[in-house]
> 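Can you read through this structure? Questions will come right after.
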Amino acid sequence: MKGCITKKGSKYWLVLDLGRDINGKRIIKWHSSYDKKPEAEKARIEILHSLQNNTYINPEKLLLGQYLRQWLSDYEVNLAVKTIEGYRVNIEGHIIPCLGQIPLQKLQPVHIQQFYKEKLKNGRLDGKGGLSPKSVLYIHRVLREALNHAVKMQLIPRNVADMVETPKQRNTFKASFLNEKQVQELLLAFRETEIFLPVLLAVGVGLRRGEALGLQWKDIDFESNSITVNRSLLPSKNGVIFHEPKTEKSNRVVVVSKTIIEELQKKKDKQESYKQLLGKAYKNNDLVNCYNDGSPLNPASFSHSFSKILEKNELPHIRFHDLRHTNATLMLKSNIPAKVASERLGHSNIGITLDLYSHVMKEMQEEAAMKLDNIFSNSD
C-alpha cells in the first residue's frame with residue numbers, strides 16, 4: 001500500500017495504491033484533493049497509518065453512523081460535558097437509528113427532510129408521540145455541524161443538511177423573576193442555610209449555578225471588590241468537573257457590592273475554622289462554595305436543596321437560574337444600561353439581553369413615553 005501526492009490544476013491530490021484485485025489488476029484511487037501540499041501530506045500519513053492498522057474505511061463505503069461516531073469521538077475534546085451528552089443522545093438515539101445505514105456520500109436532502117417529518121410525528125424515545133420543533137432543531141444543528149466537518153475533510157462535496165426545511169418554532173420562553181419584595185423574602189429565608197452565598201451571588205451578581213459553584217478564592221479581589229468568572233462546575237457521568245465558561249463573553253470580571261464582599265469575607269473566615277478543625281482531612285480545592293470538608297457541591301443535590309427551602313418557606317417555586325433572570329430584571333429596572341447589564345451577565349451580545357428581557361424594556365419604554373408626555377403637556 002502506497003500513497004503519493006499529485007498536483008492537478010491548482011489542487012494537490014492524494015492518490016492511493018491499494019494493491020491488486022482478485023484478477024491481479026492494480027487498484028489506484030484518487031482519494032481527495034487539498035488546497036495546500038502540507039494538508040495533502042498530513043492526510044497521506046494519516047491514511048497510510050489507518051491502512052497499516054486495518055482501520056481504513058473507503059469514503060465511498062463510509063456509513064453515516066460510522067462517520068458520526070468517529071466525528072463525536074474526535075470533536076468532544078472541544079465541548080462541555082453536558083453538550084457532549086446532548087450530542088450523543090441526538091446521534092445515538094435519533095440520527096443513527098433512522099439514517100445511520102445510509103452511506104455518507106449518498107445521503108440526500110430528501111432523506112433528512114423525511115427524517116425530520118417522522119420525528120415531529122412520532123419521534124420521542126419513549127414512544128409517546130412526536131418531538132417538539134425545538135428538539136428537532138437541536139438534532140438538525142448536530143447533524144449539520146457534523147456534515148460541515150465532512151465537507152472540510154472533503155469526504156462529501158456539499159452539506160445536504162443546508163438544503164432542507166427546518167421546523168419553525170415560536171419563541172414562547174418567558175424568563176421568570178422575583179420582584180424586590182420577593183428578593184428580600186428569599187434572602188431572609190436562605191440566610192441561615194449552607195447555600196445562602198450561592199443564592200446571593202445568583203440574585204446579586206447574576207452568576208449561573210455552575211459559575212457560583214465553581215468560584216474559587218483566587219477569583220475574589222477583596223481590594224477592588226470584584227469577582228473573576230472563568231470556570232464552571234458541571235455534573236458529568238463521572239462526578240463533577242471544572243469546565244470553561246459557557247461562551248467567550250462568559251469569561252468576565254464583575255464589580256460587586258460591599259455587602260457581597262462582606263459575605264464572602266465571612267464565608268472565608270468560616271472556612272478557615274473548618275480547615276483548622278479537619279487538618280489534613282480537609283480537601284483544599286480553593287472553592288468558595290463547597291461542603292464543610294472542602295469537597296465540591298453536587299449541582300443536582302444543590303438544586304434539590306434550593307427547591308426544598310423554597311417550599312419550606314412558601315416562596316414562589318422557581319429554578320435557581322431564575323435568580324439570574326431576577327438580577328437582570330432588577331438591573332434594567334434600575335435604569336442600568338442594557339450594554340452594562342449584558343457585560344455583567346456574560347451574554348455573547350447585547351441582542352440576547354434585549355430579547356430575554358423584552359418585558360422590562362417594554363415597561364421602560366412606557367415609562368419613557370409617560371415622562372416625555374409630561375414634558376409636552378407642561379409646555380402648553
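Side-chain atoms are counted along with the backbone in the values below, which use heavy atoms only and exclude waters and symmetry mates. In this chain, numbering begins with 1 at the start of the sequence shown. The model shown is predicted, which means the values in this text are computed figures rather than measured ones.
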> So that I can tick it off, tell me whether Lys275 and Glu272 are bridged by a salt bridge, with the cut-off set at under 4.0 angstrom between side-chain N and carboxylate O.
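Looking at Lys275 together with Glu272, the answer is yes, because their closest N to O distance falls below 4.0 Å.
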> Side chains of Arg209 and Ser303: any donor to acceptor distance under 3.5 Å?
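Indeed, the side chains of Ser303 and Arg209 share at least one donor-acceptor pair under 3.5 Å.
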> Is Phe115 close to Val164 at the side-chain level, that is, under 4.5 Å between some pair of heavy atoms?
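Answer no - side chains too far apart.
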> Out of the candidates Ile220, Leu215, Val253, Asp221, only one should pair with Thr228 under the side chain to side chain contact (heavy atoms under 4.5 Å, CB included) rule; please name it.
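Testing each of Ile220, Leu215, Val253, Asp221 against Thr228, the sole residue satisfying side chain to side chain contact (heavy atoms under 4.5 Å, CB included) is Val253.
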> Check the side chains of Asp269 and Gln265 for a donor-acceptor pair under 3.5 angstrom, ignoring hydrogens and angles.
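Note: Gln265 and Asp269 side chains meet the donor-acceptor criterion.
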> Would you say Leu233 and Phe242 make side-chain contact, with heavy atoms under 4.5 Å?
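Yes; the side chains approach each other to less than 4.5 Å.
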> Kindly check if the number of other-residue, nucleotide or ligand heavy atoms within 6.0 Å of CZ (Phe196) is above 12?
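Result for CZ/Phe196: enclosed.
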> Less than 4.5 Å apart, side chain to side chain, heavy atoms only: is that true for Pro167 and Leu120?
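Counting from C-beta outward, Pro167 and Leu120 do come under 4.5 Å.
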> Decide yes or no on salt bridge (charged side-chain N to carboxylate O under 4.0 Å, His left out) for Arg191 and Glu263, but give the supporting numbers first.
CA-CA 10 Å; Arg191 178 163 288 280; Glu263 292 296 337; 3.2 Å; yes
> For the pair Phe306 and Phe302, name the ring-plane relationship: parallel under 30°, tilted 30 to 60°, perpendicular over 60°.
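Ring orientation of Phe306 relative to Phe302: parallel.
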> May I ask you to test the Leu345-Met331 pair for a side-chain heavy-atom distance under 4.5 Å?
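In contact.
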> Could you check whether any side-chain N or O of Gln271 sits under 3.5 Å from a backbone N or O of Cys290, counting only pairs where one atom can act as donor and the other as acceptor?
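Side chain of Gln271 to backbone of Cys290: no pair is present.
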> Check the angle between the aromatic planes of His140 and Tyr116 and answer parallel, tilted or perpendicular using the 30° and 60° thresholds.
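Judged by the thresholds at 30° and 60°, the geometry between His140 and Tyr116 is perpendicular.
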> Using a strict threshold of under 4.0 Å (side-chain N to carboxylate O), is an ion pair present between Arg88 and Glu85?
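No.
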